[in-house]
Number of protein chains: 2
Amino acid sequence: MPDFIAPIEGAVCPLPLPHDQAIVIGHGSGGRMTQSLIQQVFLKHFCYAPLQAGNDFARLPMDGKLGSMAVSTDMHIVSPLFFNGGDIGRLAICGTVNDISMSGAISLYLTAGFILEEGLPIATLEKVVESMAKAAEEAGVQIVAGDTKVVEKGKADGIFINTAGFGWIPENSQIGGEMARPGDVVLVSGTVGEHGMAVLAARGELGLLMDISSDVAPLNHLIQDVLKAAPHTHVLRDPTRGGLATTLNEIASQSKVNITIDETAVPVQPAVRTACELLGFDPLYVANEGKVIVITPADEAEIALSAMRNNKYGKYAARIGEVNPEPQGRVLLRTSIGGLRLLDTLAGEMLPRIC
Amino acid sequence: MPDFIAPIEGAVCPLPLPHDQAIVIGHGSGGRMTQSLIQQVFLKHFCYAPLQAGNDFARLPMDGKLGSMAVSTDMHIVSPLFFNGGDIGRLAICGTVNDISMSGAISLYLTAGFILEEGLPIATLEKVVESMAKAAEEAGVQIVAGDTKVVEKGKADGIFINTAGFGWIPENSQIGGEMARPGDVVLVSGTVGEHGMAVLAARGELGLLMDISSDVAPLNHLIQDVLKAAPHTHVLRDPTRGGLATTLNEIASQSKVNITIDETAVPVQPAVRTACELLGFDPLYVANEGKVIVITPADEAEIALSAMRNNKYGKYAARIGEVNPEPQGRVLLRTSIGGLRLLDTLAGEMLPRIC
């Protein structure tokens, strides 16, 4: 996440993308530079309706069948390969299971593609593969096809993994980033910012004393719990690359609404808050890999919240804000001292690259 | 191709895979080292029936639906990115369209994942994306989901692309590598070895005078033509990495039969033959990206052959051999001087890596 996203309107202007220039790290940040690349290179040539919808999944009607298919793909790169709370294998399974689940679909099948760098210890590969199998078992999905390529030393970074997957969307389900409506309530399934900070910690960039564990987890069961409790849910989206702030901006743009959140309502672990303060990061922009934003009509918000809190991955779920008609396409933050400020999409990278 | 392949029995013994060792280039060759890695690492932990079937596609029954789904994934790495007759973009689309088509399925949708190396010119990326769009249009498939990641300079090789895809297998279709039967006829859709030699030529490794163009092409329309003409076709498989010889060995192992082919019947372009002779390569082991092996009952062979010859990608289709009961799991070559020799699977690499 994010997969290719439709041209963003409103507050988030893609940056110009001069074609005599080269790819830089910021093009992979999930922010405005990523949007430019997607809009001006990929969507320019790939003119397919499901891509243009701008969700983490494509919704594909199947001729003569009830319901439709949700499809998603994710390229996984992370350095180091192992970190507190997870590894690239668990990340690869959870990332795609979660993207498919954001459609309301039942996740069914994954494919796995590997690029291995010459010199990678086979024992390391096996640890990653084992972790994938364990995460797939937890999520209840099958890995049904795979492919492996090997490149010369120095032409990759240990292991890269692609997972693509699909699931079945029940008939009449209408969940999507474009469905937020004024009056809706914005929920998040737990504390934000752990994954990004755990990866930084694993790189030794936070000093030794921080005990932060990545939240990487498959959310498909939690999401099914939410949909059973709150069947009129409008939006489900996981705030991965770019964090809560970037993801809320995507939703505000797609739905042409304002989203206003309360700074004090957003749950953040004390260790994450401290680490962010020390390093000058904002936890609202730090990646998560086991959290979901849920936007529901007001009358289903409480029951959705308790459904999340009853799941082991949603214990710290919270109500963080609401959807308003104006200003369209913008996200506002009600600060702890009562002011309102714009919570914008970053242009490139705030953090060193973590995914 | 090949995607994860089931444990190979019979003549092809996987090599031992000491876990204190590291990945080497040969693990990506498609030969016996690749089989060892798949069997002893991937299939050890990924215990899912569709993976174990050993085809280039997974066949997935869909609850309560007619027919089933064919799913496949492929990681694409090629150096250089552009070569005579194609580029990594065309390769990425055709590779997955072809793998899905090998099930007899109608190819429908693809996903595309990109890993970009910092410093890649945006104009180069756009050329690749444009080529993908063109190949997808030719094949009649839609790209419905995508993802892009960027890695630091020196941590990738320009562009890596994953394509995963799926199609719909009509009810009652039973095509697969395990379906070859004694008495069947072995056909190939055209001359072999162009792709591998075109990539080597693009690296400047063949000298300047060789005019060899890659055969990379989407074969889905040709395959539908074959299936209309010869509906009882038993096996369809594209001889990519490892070439015709390796692919025939996979089929002989899966079907527990002998396959015997005539050296003089296998079509090879004169320029490819010359280049192979100069470099000491065997064209039967060189990769193809636009050819398919078709194995049919004897009474449908001629009509399948003319169906191929009527398609622009099958003009030089030929009957190259037959299926016999013994020796099980082995491929034999009837040489031009009338002898019989074993056509084995290579252990690692014959060629410099090309995919």
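Proteins get letters first, then strands, A, B, ... in listed order; numbering begins at 1 in each.
Using a 4.5 Å heavy-atom threshold, the side chains of Ile122(A) and Gln40(B) count as separate. Side chains of Ile143(B) and Phe42(A) form no contact here, defined as non-hydrogen atoms less than 4.5 Å apart. Looking at Ile115(A) and Ile77(B), their side chains come closer than 4.5 Å, going by heavy atoms from C-beta outward. Looking only at side-chain heavy atoms (C-beta outward), Met132(B) and Phe46(A) come within less than 4.5 Å of each other. Side-chain contact between His27(A) and Leu120(B) is absent, with no heavy atoms from C-beta onward closer than 4.5 Å. Between Tyr109(A) and Leu60(B), some side-chain heavy-atom pair lies under the 4.5 Å cut-off. Contact of the Leu51(B) side chain with the Val144(A) side chain is not registered, since no non-hydrogen atoms from C-beta on lie closer than 4.5 Å.
Looking at Asp157(B), its side chain never comes within 3.5 Å of a backbone N or O of Lys155(A) through a donor-acceptor pair. Remark: side-chain polar atoms of Asn162(B) are not paired, donor with acceptor, to backbone N or O of Asn162(A) under 3.5 angstrom.
We find the CD1-NZ distance between Ile23(A) and Lys153(B) to be 11.5 Å, quoted to the nearest 0.5 Å.
Using a 4.5 Å cut-off between heavy atoms, Val141(A) contacts chain B through its backbone alone, with no side-chain atom that close. When heavy atoms are compared at a cutoff of 4.5 Å, Leu110(A) does not approach chain B at all.
Salt-bridge check for Lys44(A) with Glu126(B): passed, with a basic side-chain N closer than 4.0 Å to an acidic carboxylate O.
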